[in-house]
Protein chains: 2
Amino acid sequence: MNNAGGRRRPPTIHDVAREAGVSRGTVSRVLNGGHYVSPAAQEAVNAAIRKTGYVVNRHARSLITGRSDSVGFLLTEPQERFFEDPNFNVLLRGCTQALAAHDVPLLLMLAGTEDERRRITRYITAGHVDGVLLVSSRSGDPIAEELREAGVPLVACGKPIGLGSRVSYVAADDRDGARDMVRHLLSLGRRRIGVVTGPLDTPGGVERLAGYKEVLTDAGVGIDERLVVPGDYSRLSGETGAERLLAQAPDIDAVFVASDLMAQGVLTALERAGRRVPQDVAVGGFDDSPAALATRPELTTIRQPWDRISAEMVRVLLAQIGGEDPAAVILPTELVKRQST
Amino acid sequence: MNNAGGRRRPPTIHDVAREAGVSRGTVSRVLNGGHYVSPAAQEAVNAAIRKTGYVVNRHARSLITGRSDSVGFLLTEPQERFFEDPNFNVLLRGCTQALAAHDVPLLLMLAGTEDERRRITRYITAGHVDGVLLVSSRSGDPIAEELREAGVPLVACGKPIGLGSRVSYVAADDRDGARDMVRHLLSLGRRRIGVVTGPLDTPGGVERLAGYKEVLTDAGVGIDERLVVPGDYSRLSGETGAERLLAQAPDIDAVFVASDLMAQGVLTALERAGRRVPQDVAVGGFDDSPAALATRPELTTIRQPWDRISAEMVRVLLAQIGGEDPAAVILPTELVKRQST
DNA sequence: AAGCGGTGTGTGCACGTTCCCAATATGCTT
DNA sequence: AAGCATATTGGGAACGTGCACACACCGCTT
């Protein structure tokens, strides 16, 4: 078996057929579901496959079927933010594993420069992948629109802004998660609840803010615009956001922060200002990233079901490749209570 | 051009040939280097390619050439650690981009379960990728050995333990980085320098410890085994490691920690014990991960050139696929001085 | 004038697979 | 007994490309 250095020619379907004493067609039928094959032939073919160590040549198969049996995982800008985001890693890992279970390889595609965008678009529209898992924060991402128009099966992570309705997506219920958190803060007796929002050109940022406003309005507390401060999910923007909040409304007794990373920054700023957490100011995050456990006090936050999100993305994409219609899936979040509230 | 919903049959090399008024062979020659093609024909073909929007069918090409023009990025266990490690993300991103510049897609392969290992090994040895970028911490990884025996071009990240010499690798100069850090601590007047090691079944862990011992021995300070405590690169192991260190040698005035993540834990433990950093105890990390900037005080650390590592891994792998011999590349590290020393 | 090396071009074949169709065998109905 | 639907099998064709080969042309030497 050992063949140090050189690679030998792998066995083909022809070798298997000869070994099993049947024709290529029969072997092919066994490989693809086993319909219209007698049990005896089936058994002989399987034995021959085991004996020869045959593995199907995907290139030859793709050439005739027109499918590639592979899927692209497309990350548009900004890559830095995503790669530093632990949730992104969970998502990438989950998608890879879910696809592996279906024997579908995942191609990682990073569209940073304009040159890369063009190359990737060409690659995809040329049919070298059957579908695309899309992670993008930009509203109305041009590459997504292009793929959609080309008829490439597409599943986005999070609700895409400004893309036609014919694109699938899987998202956590951001609005409901925000509602849960703000309700939780209200239940602790807090009434001056600030918010550091996410980027408002992303659906997540918009929805989380909407949930915040909804609950406060419904509870009769009302919205004080001095309590609303913009952020961009980065740690630093949390820090400056909290500083602004303290300046505009020194009497805050709670902050709902739209991401754990920003919440880290908020905690830093509060500590510097001499506010105790949670006694003086309660802090609620969003994401349940590992960062939430690294802070002191540990962060109360909203857990997004990233493992389920990745699994659903793969499921929806494979279904769409199989000819089904685009679908939208919204998954529930969960309040994780720790020490910061 | 718009073809809402359905995907049309892409143009083939035949279409281009007809459009340009030449034969398939001429188009193929233009595509692969353009040797033995007249300038006139070259121009006509390029125009036809632009007009038709032709993209080569990689499946058909692979079928005849035997190459796949794609590369696997293989991560063996433990996946959790790697995916949480920011350096891994930089590595993955760097490799993807470097490969993209060569128009080579990257397939992400995660070998977690035994089932996945088998599937991936089959996939690779069947020739569905031309080579593999390997990230593995395990000594004598069975999957790596199997690939090496099958003659698959292989480039490891970090020096692999117990693999034959016929495997390429790219690594930072761990030993020299450790030497730099310990010399730096000595230059600050510290003499009771503890160390929290990395896992000693990894070359990085071994080398960093070796650098530590080397400098202390050469400086005439000598090795006190109570100052050497094992860790596994995780934040928690840094915390417990520092506690053990404080118990075994309460008079330490510095700690060299073999990873930034562990250094985070060390800082936590020191703070709890009431030791000031850097006044009472100087702390040096390793990696220069984003974590190094998140600590208070910010961490002095050793920067590994991850961007160059990924670029070199890709370069060496492509060279090896092109027929060159395996190579080992060692890249220099850099001391980054911040507040913790 | 014939031969020669280099350049440029077209054509048949092969790569390994799936799909389609024909051919045969089997069982059941009329 | 003939007819028909169903199960099972084999073989030709096609997918789109690169490669080897044959051929034509040119300018130069012998």
Side-chain angles (χ1 to χ4, degrees), chain A residues 7-46 48-49 52-70 103 122-123 125-128 130, chain B residues 7-46 48-49 52-70 103 122-123 125-130 322:
Chain A
R7 300 170 81 165
R8 64 169 49 169
R9 172 182 156 283
T12 74
I13 203 173
H14 212 104
D15 300 325
V16 175
R18 187 163 2 95
E19 178 71 32
V22 297
S23 73
R24 300 177 346 256
T26 301
V27 177
S28 178
R29 276 186 286 267
V30 171
L31 256 43
N32 306 341
H35 301 303
Y36 292 98
V37 180
S38 68
Q42 178 113 18
E43 185 46 45
V45 168
N46 281 328
I49 288 176
T52 55
Y54 169 78
V55 179
V56 68
N57 183 321
R58 298 169 93 104
H59 301 305
R61 170 183 285 176
S62 296
L63 187 56
I64 184 72
T65 61
R67 288 172 294 123
S68 71
D69 292 317
S70 67
D103 212 25
R122 276 199 158 190
Y123 188 87
T125 53
H128 288 124
D130 295 338
Chain B
R7 300 172 81 164
R8 63 171 45 172
R9 173 182 155 283
T12 74
I13 203 173
H14 213 105
D15 300 326
V16 175
R18 186 165 0 98
E19 178 71 32
V22 297
S23 71
R24 300 175 349 250
T26 301
V27 178
S28 177
R29 277 186 285 267
V30 171
L31 256 43
N32 307 344
H35 302 304
Y36 291 94
V37 180
S38 69
Q42 177 114 17
E43 185 47 44
V45 168
N46 281 328
I49 288 177
T52 55
Y54 169 77
V55 179
V56 67
N57 183 322
R58 299 170 93 104
H59 301 304
R61 169 181 285 177
S62 296
L63 187 56
I64 184 74
T65 61
R67 287 173 294 121
S68 71
D69 291 318
S70 67
D103 212 27
R122 276 198 158 191
Y123 188 87
T125 52
H128 288 124
V129 292
D130 295 339

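Reminder, nothing fancy here: chain letters follow the sequence lines and each chain counts from 1. The figures that follow rest on heavy atoms only: side chains count, while hydrogens, waters and symmetry mates do not.
Rounded to a whole Å, the CZ atom of B:R61 is 20 Å from the C1' atom of C:dT17. The separation between A:H35 atom NE2 and D:dA7 atom P is 12 Å, rounded to whole Å. A straight line from NE2 of B:H14 to C1' of C:dT11 spans 11 Å, rounded to a whole angstrom. Between the CG atom of A:D69 and the P atom of C:dT18 there is a distance of 10 Å, given to the nearest Å. Distance CZ (A:R58) to P (C:dT18): 11 Å, rounded to an integer number of Å. To the nearest angstrom, C1' of D:dG16 lies 9 Å from CG of B:L63. Rounded to an integer number of Å, the gap from B:H59 NE2 to C:dT18 C1' is 14 Å.
Closest approach of A:H59 to B:S68, counting heavy atoms only: NE2-CB, 3.6 Å. Summarising the geometry of A:R58 relative to A:D69, their closest heavy-atom pair is NH2-O, 3.5 Å, with the distance given to 0.1 Å.
Looking at the side chain of A:T26, the nearest of the listed nucleotides D:dG16, D:dC15, D:dG10 is D:dG10. Looking at the side chain of B:S23, the nearest of the listed nucleotides C:dG10, C:dG16, D:dG18 is C:dG10. In the set C:dT9, C:dG16, D:dG10, the nucleotide with an atom closest to the side chain of B:V37 is C:dT9. For B:I64, whose side chain is taken as the heavy atoms from C-beta onward, the closest listed nucleotide among C:dG16, C:dT18, D:dT17 is D:dT17.
Within the 4.5 Å cutoff, the side chain of B:S28 has heavy atoms near those of the B:I13 side chain. Residues A:R29 and A:H35 form no side-chain contact, since every pair of their non-hydrogen atoms from C-beta on lies 4.5 Å or further apart. The shortest side-chain heavy-atom distance between A:N46 and A:V30 falls under the 4.5 Å cut-off.
If you check every strand for non-hydrogen atoms under 4.0 Å, A:R29 touches a base.
OP1 and OP2 of C:dA25 both lie 4.0 Å or more from every side-chain N or O belonging to A:Y36. Using a 4.0 Å cut-off, no side-chain N or O of B:S38 falls inside it from OP1 or OP2 of C:dT7. A sub-4.0 Å separation between OP1 or OP2 of D:dG18 and a side-chain N or O of B:N32 is present. The shortest distance between the side-chain N/O atoms of B:T12 and the OP1/OP2 oxygens of D:dG16 is not below 4.0 Å. Here B:S28 reaches the OP1 or OP2 of D:dG18: one of its side-chain N or O atoms lies under 4.0 Å away.
Residue whose closest nucleotide on DNA chain D sits further toward the 5' end, between A:A60 and B:G25: A:A60.
Scanning atom types as modelled, one donor and one acceptor separated by under 3.5 angstrom connect the side chain of A:R24 and the base of C:dT18.
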